[in-house]
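One structure is given below, encoded as structure tokens.
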Amino acid sequence: MNEKYHDLYKGLIRAYYDSHFEDEFAKFLEHFEDKNEAKSVLATLCGVEEIKTKDDHEFVYQLINAITRSQVRDKIVTKVSACSEDCETTDGKSKCMNVCPFEAIKRDDKTGDKWIEEELCMSCGRCVEVCDMGHYMDVPQSMPLVDLLKNNEEVIAMVAPAIAGQFGPDVTLDQLREAFIKIGFLDMFEVAMAADVLSMKEALEYNELVTEEGDFMITSCCCPMWVSMLKKLYNNLVPEVSPSVSPMVAMGRIIKALNGDVKCVFVGPCIAKKAEAKEADISDSTDYVLTFQEVQLLFEAFDIDPGKLKGVPSLDYASTGGRLYARAGGVSEAVFDVIDQMFPEKRKFFTSLHVDGIKDCKKMLNDLEAGHVRASFIEGMGCSGGCVGGPKAIIPAEEGKEFANKFAHESAIKMPMHSQIIEEILNKLGFKDLEDLRNDHSMFERKFD
């Protein structure tokens, strides 16, 4: 979301929560010269499908109706205004065209305007990040969520491992937990715990698949961009991909299995997670996705400063490795540590290769197809630096990496197998031992057909 929409976005949230949305509608329109553009932006900011009516009263009615019915827009990245003006170009391409990893942005040679080719778009949000004029937007999902909070529905925040340091260098997870509860969330949990479960699961897969020098497996569990590249561009490699779901999906399924009809909201630096949450085979896990930047604006709209809160304490339940999923190479480290403990005879076969950034991911996958890669465990993340370099992170990737490392190594739990809470949760879910986890083909797995 471009900065020019921040105040408008916060105003929309506050007006809806305070039940004077209709009264403020005219003021919202004053932010724009073009009323049609205004309605397109307002519908996008409210997270619902575009409403095609010229009548203002009918527009507001349909907008509120869509919010209350949680009719969240399917399209994640959208273009909300024409952009015939010139911007920085390289090789005859605009900034948005150059930054798109899959050449999904096309240009009309006569008008200069651009559009998104839906079949090619993977919802990475890079065009949103580089467009200074705010012509592209990733669709926020805050408004339907605020409606749930306003009506005292049970909603859980699931925070990504990359959250360390994002809301201030001294802001703790306990303070963020209280901030979410103050807004109306039932509670907040670390997705790093689900990452721990998947580290153990992938170590078990590794033990089964890698039996001699030259065997390899591709880990895919974290990054939706990495998964999308494999499915759309490198389909012949899919049989080598771990079937594990992402930590976000695993966490949502754990919470819902233990808490019934509760709604789950993932909070992270990634736009593509919004698209992942809607994929048919895993859409049961996560109801809404908010970026760190959207949550920051949400806190501001409710006049909440996490750094000034006392905090709601909780015991450590995520390990060092689970929290390291926040940055490039973290998955490899986490899985190796488990292999080293559980299958020490296999450590001699473990050679990892991790790449981050779309360009390097593509190069590595091309090399893998050509047989030029020699590694037994391969990890890829679409953003430079890993999740800490996501397009909606609040702090720079290098700072995010430092905070992630510090937070991970401060964990009282060094290995996921040593977390009593994780053990108890797995038992409640019906997993009596790790062999049950390896044989699971439903809760923590998906099919890439």
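Predicted model, so just to flag it, every value in this text is computed and none were measured. The figures that follow rest on heavy atoms only: side chains count, while hydrogens, waters and symmetry mates do not.
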Item to check | Six-ring centre of Tyr288, Lys263 cation under 6.0 angstrom, axis tolerance 45° | outcome: no
Checklist entry - When you check the side-chain N and O atoms of Glu294 and Ser142, is any donor under 3.5 Å from an acceptor? => result no
Checklist outcome for this item: For Phe431, the ring pair (Phe, Tyr, Trp, His ring centres under 6.0 Å) test, sequence neighbours excluded, returns Phe444
Checklist entry - Given the rule in the salt bridge (Lys or Arg N to Asp or Glu O under 4.0 Å) test, do Lys201 and Asp440 qualify, once you have shown the distances and angles that lead to the verdict? => result CA-CA 9 Å; Lys201 188 176 187 306; Asp440 166 66; 5.2 Å; no
Checklist entry - Do you know which two heavy atoms are closest between Phe403 and Gly165, and how far apart they sit? => result CG-CA, 3.7 Å
Checklist entry - Stepwise, does the salt bridge (Lys or Arg N to Asp or Glu O under 4.0 Å) test hold for Arg126 with Glu129? => result CA-CA 5 Å; Arg126 293 300 176 185; Glu129 191 178 17; 2.7 Å; yes
Checklist entry - Looking only at side chains, do Thr44 and Tyr5 share a donor and an acceptor under 3.5 Å apart? => result no
Next on the checklist: If we ignore hydrogens and angles and just use 3.5 Å, is the side chain of Asp316 paired with the main-chain N or O of Ser411 as donor and acceptor?
Outcome noted: no
Checklist entry - Would you find a donor on one side and an acceptor on the other, under 3.5 Å apart, between the side chain of Glu379 and the backbone of Ser332? => result yes
Next on the checklist: Would Lys256 and Asp284 count as a salt bridge (Lys or Arg N to Asp or Glu O under 4.0 Å) here? Give the steps.
Outcome noted: CA-CA 9 Å; Lys256 292 191 174 201; Asp284 61 311; over 6 Å; no
Item to check | Residue pair Asn259 / Ile156, side-chain heavy-atom distance below 4.5 Å | outcome: no
Checklist entry - Closest heavy-atom contact between Val191 and Pro161? => result CB-CD, 4.3 Å
Checklist entry - Going through the checks in order, is the side chain to side chain contact (heavy atoms under 4.5 Å, CB included) test met by Phe25 and Leu42? => result CA-CA 10 Å; Phe25 178 68; Leu42 287 173; 3.8 Å; yes
Next on the checklist: I'd like to know whether Asp56 forms a salt bridge (Lys or Arg N to Asp or Glu O under 4.0 Å) with Lys35, so could you lay out the CA-CA distance, the side-chain angles of the two residues, the decisive distance to 0.1 Å, and finally the verdict.
Outcome noted: CA-CA 10 Å; Asp56 290 353; Lys35 184 178 281 191; 3.1 Å; yes
Checklist entry - Taking Arg253 for the side chain and Ser442 for the main chain, is one N or O donor matched with an acceptor at less than 3.5 Å? => result yes
Checklist entry - At their closest point, which heavy atom of Ala43 faces which heavy atom of Leu63, and how far apart are they? => result CA-CD1, 4.0 Å
Checklist entry - Donor-acceptor pair, Arg327 side chain versus Val388 backbone, under 3.5 Å? => result no
Checklist entry - Step by step, would you call Phe180 with Phe299 a ring pair (Phe, Tyr, Trp, His ring centres under 6.0 Å)? => result CA-CA 8 Å; Phe180 280 109; Phe299 287 158; 5.4 Å; yes
Checklist outcome for this item: Between Met143 and Leu12 the two heavy atoms that sit nearest each other are CE-O, 3.6 Å
Item to check | Stepwise side chain to side chain contact (heavy atoms under 4.5 Å, CB included) test for Val267 and Met188 | outcome: CA-CA 10 Å; Val267 177; Met188 182 201 88; over 6 Å; no
Checklist entry - Is there a side chain to side chain contact (heavy atoms under 4.5 Å, CB included) between Tyr234 and Leu368 once you walk through the steps? => result CA-CA 10 Å; Tyr234 301 91; Leu368 183 60; over 6 Å; no
Item to check | Step-by-step side chain to side chain contact (heavy atoms under 4.5 Å, CB included) determination, Cys83 to Met133 | outcome: CA-CA 8 Å; Cys83 56; Met133 304 302 293; over 6 Å; no
Item to check | Flag if over 12 foreign heavy atoms under 6.0 Å of CD, Glu118 | outcome: yes
Item to check | More than 12 heavy atoms of other groups within 6.0 Å of Asp261 CG | outcome: no
Item to check | Residue Lys39 excluded, over 12 heavy atoms near NZ under 6.0 Å | outcome: yes
Next on the checklist: If you compare all heavy atoms of Ala334 against all heavy atoms of Ser199, which two are closest, and at what distance to 0.1 Å?
Outcome noted: CB-OG, 3.6 Å
Next on the checklist: Under a 3.5 Å threshold, yes or no: a donor from one side chain and an acceptor from the other, between Glu58 and Thr53?
Outcome noted: no
Next on the checklist: Applying salt bridge (charged side-chain N to carboxylate O under 4.0 Å, His left out), can you list everything that pairs with Lys182, at least two apart in sequence or on another chain?
Outcome noted: none
Next on the checklist: Which heavy atom of Ser81 sits nearest to which heavy atom of His135, and what is that distance?
Outcome noted: OG-ND1, 2.7 Å
Checklist entry - Counting only heavy atoms not in Lys359, do more than 12 sit closer than 6.0 Å to its NZ atom? => result no
Item to check | Short side-chain to backbone donor-acceptor contact, Thr286 and Val249, under 3.5 Å | outcome: no
Checklist entry - So do the side chains of Lys274 and Ser123 get within less than 4.5 Å of each other, counting heavy atoms only? => result no
Checklist entry - So does Glu117 have more than 12 non-hydrogen atoms from other groups sitting under 6.0 Å from CD? => result yes
Next on the checklist: Parallel, tilted or perpendicular, judged at 30° and 60°: which one describes the rings of Phe302 and Tyr17?
Outcome noted: perpendicular
